[in-house]
Amino acid sequence: MPEVQSHGIRISYDDHGQGEPALLFLPGWCGSRRVFDELAERCAQRRRTLTIDWRGHGSSARPTGDFGASDLADDALAVIDTSQAELVVPVALSHAGWVAVELRRRLGARIPKLVLLDWIVLEAPPPFLGALQSLQDSAQWQQTREQLFSMWLQGPDITGLTHYVREDMGSYPFDMWARAGREISQAYAKAESPLQALASQEPPVPALHLYAQPEDPGYLAAQRSFGASHPWFQVSKLEARSHFPMYEVPDEMAMAIERFVA
């Protein structure tokens, strides 16, 4: 597997397929790039796909010191530069969306579109903000993580999905989950919501949000309302129930991504 140095940290990634814009798959915090195995394989049949492990995650090296979302953006830039891809569309799972927005800010037109997967794109609800704070508490983080896992695993019992959540995500210690809680909290405090962060860019970047959770019809209605007044934003509710719909409907997602990017 190819590797690149990002400020002295070894970053591991996959590179398959051909054609631009290339897709850059960005996992969420506390999870490896394995989450994209099936989806990236399908997308690579049509275009080039790059799938990254963040520093401290998966096969990438673990830093000795602290790091944050800005460092993850550096990791992604290192992969983009080494790949020599001119046009790249980030496909960002959950709060990796904040990194995707930052990549657009840094690279401009070289990031012609964004694909966002199962992200809280509206203002974060108070219970979620509370969970982010609990992840930073050494006495509460494990109970909070278990609650999140149970919520994310709603839907069919899929062996690969359960293993990814319980074994892959479950392998990260307190310091990584606390770091995730801190970085995500700070992002919402600064931007209010991902949609506001996207709307503040000039010019705005075309963005597609594919999601499964939550089931709340009001959540979909609010996004459609936003899209009606901001034509660069599209949303599609997937026929899936978990927080990781790529394990349930990878074909549907691959087709939706290709239609949007093409």
Side-chain angles (χ1 to χ4, degrees), residues 25-42 57-58 91-98 100 115-137 140-172 174 176-178 180-181 183-185 187-188 193-195 208-224 234-257:
F25 288 88
L26 307 177
W29 282 94
C30 300
S32 76
R33 68 184 190 267
R34 288 177 48 211
V35 71
F36 290 122
D37 282 353
E38 292 189 41
L39 178 58
E41 180 182 2
R42 286 160 172 78
H57 294 71
V91 181
L93 175 58
S94 191
H95 302 288
W98 295 113
V115 178
L116 312 169
L117 306 179
D118 231 76
W119 196 13
I120 302 175
V121 297
L122 306 180
E123 291 186 21
F128 178 69
L129 294 176
L132 294 177
Q133 293 304 310
S134 294
L135 287 175
Q136 300 173 66
D137 184 336
Q140 300 184 61
W141 78 280
Q142 288 179 305
Q143 179 181 356
T144 301
R145 186 181 67 174
E146 179 57 34
Q147 292 170 345
L148 290 172
F149 284 0
S150 296
M151 179 177 66
W152 293 342
L153 286 169
Q154 290 178 11
D157 184 12
I158 300 174
T159 301
L161 170 57
T162 302
H163 185 272
Y164 180 77
V165 173
R166 297 290 181 187
E167 303 300 327
D168 190 310
M169 300 189 74
S171 69
Y172 293 91
F174 168 64
M176 189 70 83
W177 283 94
E183 293 296 306
I184 297 168
S185 295
Y188 279 102
S193 75
L195 291 184
L208 170 66
H209 184 211
L210 302 173
Y211 80 99
Q213 289 188 356
E215 289 289 341
D216 178 15
Y219 183 59
L220 178 59
Q223 293 179 79
R224 285 176 171 169
Q234 301 177 37
V235 59
S236 179
K237 175 72 169 65
L238 298 166
E239 292 296 326
R241 294 184 58 195
S242 75
H243 180 47
F244 302 94
M246 59 283 295
Y247 281 94
E248 299 178 68
V249 289
D251 292 313
E252 178 186 349
M253 294 179 71
M255 289 188 290
I257 292 170

Main-chain N/O of [Y] paired with [X] side-chain donor or acceptor, under 3.5 Å:
X	Y	result
R224	V235	no
E248	R241	yes
S171	D168	yes
H95	W29	no

Do the ring planes of [X] and [Y] sit parallel (below 30°), tilted (30 to 60°) or perpendicular (above 60°)?
X	Y	value
Y211	Y219	perpendicular
F244	W152	perpendicular
W141	F174	tilted

Which value, rounded to the nearest 0.5 Å, describes the distance between [X] atom [atom1] and [Y] atom [atom2]?
X	Y	atom1	atom2	value
L135	L148	CG	CG	6.0 Å
L161	R166	CG	CZ	10.0 Å
M151	H243	CE	NE2	7.5 Å

### Message
Contact between P27 and H57 at the side-chain level, heavy atoms closer than 4.5 Å - yes or no?
### Response
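A side-chain contact is absent here, since even the closest heavy-atom pair is not under 4.5 Å.
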### Task
Taking atom CD of Q143 as the centre, report whether more than 12 heavy atoms of other residues, nucleotides or ligands fall under 6.0 Å from it.
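Not buried by this count: 12 neighbours or fewer within 6.0 Å.
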### Summary
Of all heavy-atom pairs linking K237 and P214, the shortest is CE-O, 3.8 Å
